[in-house]
Amino acid sequence: MTRTFPGRVDVAVVGSGPCGAAVTRTLGERAPHLTVAVFEAGPQLTPTPGQHIKTIRDPTERAEAQRRSQGTGPAPDGRSARPGTYLLPDGYRTPGEDGLPAAAMSRNVGGMGAHWTGACPRPGESERIDFLPGLDALLDEAERLLNVRHDAFDDAPFTSVVRERLAVAFDSGRGTDRTVRAMPLAVRREPDGRVVWSGADVVFGEATLAGPRVSLYADAHVRRVRMESGRATGITVRDLVHGGEHEVAARAVVVAADALRTPQLLWASGLRPPALGRHLNDQHQVMHAARLRDVTGPDTVAGGASSGVNWVPYTDAEPFHGQVMQLDASPVPLADGDVPVPGSIVGLGWFCAKDVRAEDRVTFDHTRTDADGMPAPRIHYTLTDKDRTSLEAAHKAIRRAVEALGDPLDPEPITLPPGSSLHYQGTVRMGESDDGTSVCDPDGQVWGTGGVYVAGNGVIPTATACNPTLTSVALAVGAARHIAATLD
Ligand code: FAD
């Protein structure tokens, strides 16, 4: 048995998460004459490629899909990862540093976008990329591709109560786009109330993969971007089902393989700009929980949403991003005889923007390889005094949020281990000029190359606290538009 890979395409896309899908969709719409092949190392989990695993209704089948996304499986030293993700088995901490012990990846068609929560806030104030004048138009397009809704769960019990109480505590002095509001979510509500989270399937769009010029290859691990005289000439891909390596010629290659494996593939291909892997930043995360005070239930609407999500946006004065999720409204007892009013239990996550430094980085060398035989990532990562001050301030802010809402469920907020946000940025960052502090230009093209592009959270150059996928999809759209305009 074997399968056929194309000998030649116009564009090879590495990785089928939301960013690889955004590149493919944009090329399909803007330059339908181009042939595009998407190569994904992981398996296809759902009948339509890239659906969110919550579309798998059977719990046993869903758990199996999550397991199949978990690459090399559980960490050898007992660290636990979120379902559908897996941790770096080693190299996640250099002695004497904080490291990223919770740094995780997914490996499946749809990438982490098959497992995500769908929060799609826009960056604000210094989170924004000031050298990209077209950023807002790209974010609009990213909202379209991800099917972002701003009022998806407005009928959830007590969600307006949560919003009003947070507004009293946080809105004073904020700009109009930074006040407390419903979290924009990549989700659709069916007429019967069913909730369908957007996965890469939604970003690809039905027409894209059905078209004759676009193909997707699962279980296909890209080993190299092939180069000649500084120009991309294609990729080398290993067929993980039947074995064997194949060369696919391409005029442009887009690497959208996440913030750790994109620099890995570039490094393995001999593409090593000085900033490659540097400026690695995670959003340090503080969690707390509250029970709403003075609410009596039920506040449900028949067929309505069970769980609202609200947003306390980042500001430079309060450099945190607050994600406030009412837990499932079903009345689950907390303790004997204590059955909370549906919608009254609220989980809060506060994300901090990192003090971005070139020395926080992922490196590769010739001495260690990972389970794929690729250069193994080694993390160098330290929280600075500024980061510790910002974490303390985030503790205070999340306590203030809990006080505004009701009573804390635990005495103190907790700080999660570095890497827990699953939002790693900076490793292939975009820059305005080729001054050694960035990896790609404002179109996502790697400096000094022709036809090698990068996409994903690693491209984001600013210190953001908000969930990054909307922004990285926007930047991926920009890259695809550039390819469409450049390849005739
Ligand atoms: P990914 O989705 O990570 O996809 C990269 C793909 O590349 C993977 O499938 C991988 O297998 C493939 N790949 C890697 N190397 C190779 C190779 N050499 N050859 C072929 N394929 C390769 N973000 C938000 O903004 N909001 C949220 O609410 C949110 N919630 C989340 C909740 C969870 C539980 C998880 C797991 C993630 C969440 N995220 C959230 C993060 C979000 O899912 C990611 O930001 C997003 O998926 C990144 O998209 P991507 O396409 O850049 O990369």
Taking side chain as C-beta onward, heavy atoms only, is Trp116 less than 4.5 Å from Pro18?
->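 Not touching, per the 4.5 Å side-chain cut-off.
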Which heavy atom of Leu348 sits nearest a heavy atom of Ala289, and at what distance?
->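 Nearest pair, atom of Leu348 first, then Ala289: CD1-CA, 4.0 Å.
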Looking only at heavy atoms, which two atoms of Pro417 and Ala102 are closest? And how far apart?
->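 Result for this residue pair: O-CB, 4.0 Å.
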Report yes if the side chains of Val254 and Val14 come closer than 4.5 Å at any heavy-atom pair, otherwise no.
->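 No - every pair of side-chain heavy atoms lies 4.5 Å or more apart.
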Ile460, Leu139, Thr462 screened by side-chain contact (heavy atoms from CB on, under 4.5 Å) with Pro123, the one that passes =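 Exactly one option meets the side-chain contact (heavy atoms from CB on, under 4.5 Å) with Pro123, and it is Leu139.
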Return the minimal non-hydrogen interatomic distance between Leu383 and Asp98, and the atom names on each side.
->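 Nearest heavy atoms, Leu383 then Asp98: N-OD2, 2.7 Å.
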Does any N or O in the side chain of Glu127 come within less than 3.5 Å of the main-chain N or O of Gly124, such that one atom is a donor and the other an acceptor?
->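 Yes; judged by distance alone, with no hydrogens or angles, the pair exists.
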Would you mind checking if Glu29 and Arg25 are paired as a salt bridge, meaning a charged N to carboxylate O distance below 4.0 Å?
->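 Yes.
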State the CD1-NE2 distance between Ile398 and His395, to the nearest 0.5 angstrom.
->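 Rounded to the nearest 0.5 Å, the CD1-NE2 separation comes to 8.0 Å.
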Quick one: does Ser307's side chain get under 4.5 Å of Phe153's, heavy atoms only?
->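 With C-beta onward as the side chain, the pair stays apart.
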Just how far is it from atom NE2 of His482 to atom OG1 of Thr26, taken to the nearest 0.5 Å?
->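 Interatomic distance, His482 NE2 to Thr26 OG1, rounded to 0.5 Å: 14.5 Å.
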Regarding Gln264 and Asp370, is there a side-chain donor-to-acceptor distance under 3.5 Å anywhere?
->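 Asp370 and Gln264 do have a side-chain donor-acceptor pair below 3.5 Å.
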Closest contact, heavy atoms only, Tyr217 versus Ala37 =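 Heavy atoms of Tyr217 and Ala37 come nearest at CE1-CB, 4.0 Å.
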Please assess His288 against Trp350 for the test side chain to side chain donor-acceptor pair (under 3.5 Å), listing each intermediate value before the final yes or no.
-> CA-CA 9 Å; His288 210 359; Trp350 248 238; over 6 Å; no
Atom pair NE2/OG of His423 and Ser472 - distance to nearest 0.5 Å =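 Atom-to-atom, His423:NE2 and Ser472:OG are 9.5 Å apart.
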Determine yes or no for a side-chain-to-main-chain donor-acceptor pair under 3.5 angstrom, with Thr46 supplying the side chain and Pro49 the backbone.
->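 Checking the backbone N and O of Pro49 against the side chain of Thr46, no donor-acceptor pair under 3.5 Å is found.
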Looking at side-chain heavy atoms only, is the closest gap between Thr233 and Met227 below 4.5 Å?
->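 No - every pair of side-chain heavy atoms lies 4.5 Å or more apart.
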Report yes if some heavy atom in the side chain of Val362 is under 4.5 Å from a heavy atom in the side chain of Arg378; otherwise report no.
->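 Heavy-atom side-chain distance check fails, nothing below 4.5 Å.
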Going by the salt bridge (charged side-chain N to carboxylate O under 4.0 Å, His left out) test, which pairs reach into residues 65-75, not counting sequence neighbours?
->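 Sorted result for residues 65-75: Glu64-Arg67.
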Flag for Thr415-Gln285: side-chain donor and acceptor within less than 3.5 Å |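 Result is no, nothing qualifies.
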If we only count heavy atoms from C-beta on, is the Leu422 to Arg82 side-chain gap below 4.5 Å?
->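 SC-SC contact between Leu422 and Arg82 confirmed.
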Does CD in Glu206 sit with more than 12 non-hydrogen atoms of other residues, nucleotides or ligands closer than 6.0 Å?
->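 Counting neighbours around CD of Glu206, 12 or fewer heavy atoms of other residues, nucleotides or ligands fall under 6.0 Å, so no.
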Sidechain-backbone polar pair: Tyr381 side chain, Asp282 backbone, donor-acceptor under 3.5 Å |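 Pair found, side chain donor or acceptor close to backbone of Asp282.
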Test the Arg79-Tyr92 pair against the cation-pi criterion, namely NZ or CZ under 6.0 angstrom from the six-membered ring centroid and within 45° of the ring axis.
->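 Yes - Arg79 lies over the ring of Tyr92, closer than 6.0 Å to its centre and within 45° of its axis.
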With a cut-off of 6.0 Å (strictly less than), are more than 12 heavy atoms of other residues, nucleotides or ligands near CG of Asp385?
->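 Atom CG in Asp385 is not packed in, count stays at 12 or less.
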Taking salt bridge (charged side-chain N to carboxylate O under 4.0 Å, His left out) as the test, write out the residues that go with Arg361, two or more places apart.
->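 For Arg361 there are no salt bridge (charged side-chain N to carboxylate O under 4.0 Å, His left out) partners, ignoring immediate neighbours.
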Gln70 (side chain) donor-acceptor with Gly84 (main chain) under 3.5 angstrom |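 Yes, Gln70 side chain to Gly84 backbone: donor-acceptor pair under 3.5 Å.
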For a side chain to side chain donor-acceptor pair (under 3.5 Å) with Asp355, tell me which candidate from Thr382, Thr384, Asn281 qualifies.
->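 It is Thr384; the other options fail the test.
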Give the intermediate values and the outcome of side-chain contact (heavy atoms from CB on, under 4.5 Å) for residues Arg93 and Ile379.
-> CA-CA 6 Å; Arg93 186 189 285 129; Ile379 304 288; over 6 Å; no
Verify the neighbour count for atom CZ of Arg8: are there more than 12 heavy atoms of other residues, nucleotides or ligands below 6.0 Å?
->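 Atom CZ in Arg8 is not crowded, with 12 or fewer foreign heavy atoms closer than 6.0 Å.
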Taking NZ, NE, NH1 and NH2 as the nitrogens, is one of them in Arg107 or Asp258 under 4.0 Å from a carboxylate oxygen of the other?
->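 Judged by the 4.0 Å cut-off on N to carboxylate O distance, Arg107 and Asp258 do not form a salt bridge.
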Side chain Arg149, main chain Leu185, donor-acceptor under 3.5 Å |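 Side chain of Arg149 to backbone of Leu185: no pair is present.
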Write down the atom of Trp447, the atom of Ser438, and the distance for their closest heavy-atom approach.
->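 Nearest heavy atoms, Trp447 then Ser438: NE1-OG, 2.8 Å.
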Trace of the side-chain contact (heavy atoms from CB on, under 4.5 Å) decision for Val237 with Glu247 | CA-CA 6 Å; Val237 59; Glu247 288 182 14; over 6 Å; no
Which is it for Thr24 and Val214 under the side-chain contact (heavy atoms from CB on, under 4.5 Å) test, yes or no, and what are the steps along the way?
-> CA-CA 8 Å; Thr24 310; Val214 175; 3.6 Å; yes
Closest non-hydrogen atom pair between Tyr314 and Ser126, with its separation |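 The pair with the smallest heavy-atom distance is OH-OG, 3.0 Å.
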Is there side-chain contact between Leu260 and Leu88, with heavy atoms separated by less than 4.5 Å?
->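 A side-chain contact exists here, since the closest heavy-atom pair is under 4.5 Å.
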Does a salt bridge link Asp10 with Arg213, judged by any charged N lying under 4.0 Å from a carboxylate O?
->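 Result for this pair is no, no salt bridge flagged.
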Between His150 and Met183, is there a donor-acceptor pair closer than 3.5 Å when you use the side chain of the first and the backbone of the second?
->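 No, the answer is negative, given that no donor and acceptor are paired below the 3.5 Å cut-off.
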Answer yes or no: is there a donor N or O on one side and an acceptor on the other, between the side chain of Arg429 and the main chain of Thr437, under 3.5 Å?
->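 Such a contact is found between Arg429 side chain and Thr437 backbone.
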Arg30 side chain to Ile483 backbone, donor-acceptor under 3.5 Å |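 Looks like no, no N/O pair under 3.5 Å.
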Cationic N near anionic O, under 4.0 Å, Asp239 to Arg3 |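 Counted as a salt bridge, because a side-chain N and a carboxylate O are separated by less than 4.0 Å.
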Taking the side chain from Asp410 and the backbone from Pro413, do they hold a donor-acceptor pair closer than 3.5 Å?
->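 No.
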Run the ring-ring contact (aromatic ring centres under 6.0 Å, His included) check on Phe351 and His284 step by step: do they pass?
-> CA-CA 6 Å; Phe351 297 81; His284 308 122; over 10 Å; no
From CA spacing to verdict: side-chain contact (heavy atoms from CB on, under 4.5 Å), Arg188, Trp197 | CA-CA 6 Å; Arg188 130 180 137 245; Trp197 293 96; over 6 Å; no
Can you check whether Cys466's main-chain N or O pairs, donor with acceptor, with Gln283's side chain at less than 3.5 Å?
->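 A pair under 3.5 Å: yes.
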Report the C-alpha distance between His115 and Ser69 in whole Å, list the side-chain angles of each, state the deciding distance to 0.1 Å, and finish with yes or no for side chain to side chain donor-acceptor pair (under 3.5 Å).
-> CA-CA 9 Å; His115 309 280; Ser69 308; 3.2 Å; yes
Evaluate the side-chain proximity of Arg278 to Asp360: yes if any heavy-atom separation is below 4.5 Å, no if none is.
->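 Asp360 vs Arg278: side chains apart.
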Step by step, work out the salt bridge (Lys or Arg N to Asp or Glu O under 4.0 Å) result for Asp90 and Arg368.
-> CA-CA 10 Å; Asp90 50 32; Arg368 291 168 59 246; 3.0 Å; yes
Looking at Arg122 and Asp136, does any basic side-chain N land under 4.0 Å from a carboxylate oxygen?
->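 Salt bridge flag = yes for Asp136 with Arg122.
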Side-chain ion pair, Arg144 and Glu141, N-O less than 4.0 Å =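 Here Arg144 pairs with Glu141 in a salt bridge, since their nearest N and O are under 4.0 Å apart.
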Atom CE in Met105, atom OG1 in Thr72: separation rounded to 0.5 Å?
->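 Result: 6.5 Å between the selected atoms.
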Please step through side chain to side chain donor-acceptor pair (under 3.5 Å) for the pair His221 and Arg223, ending with a clear verdict.
-> CA-CA 6 Å; His221 185 258; Arg223 323 281 304 167; 3.0 Å; yes
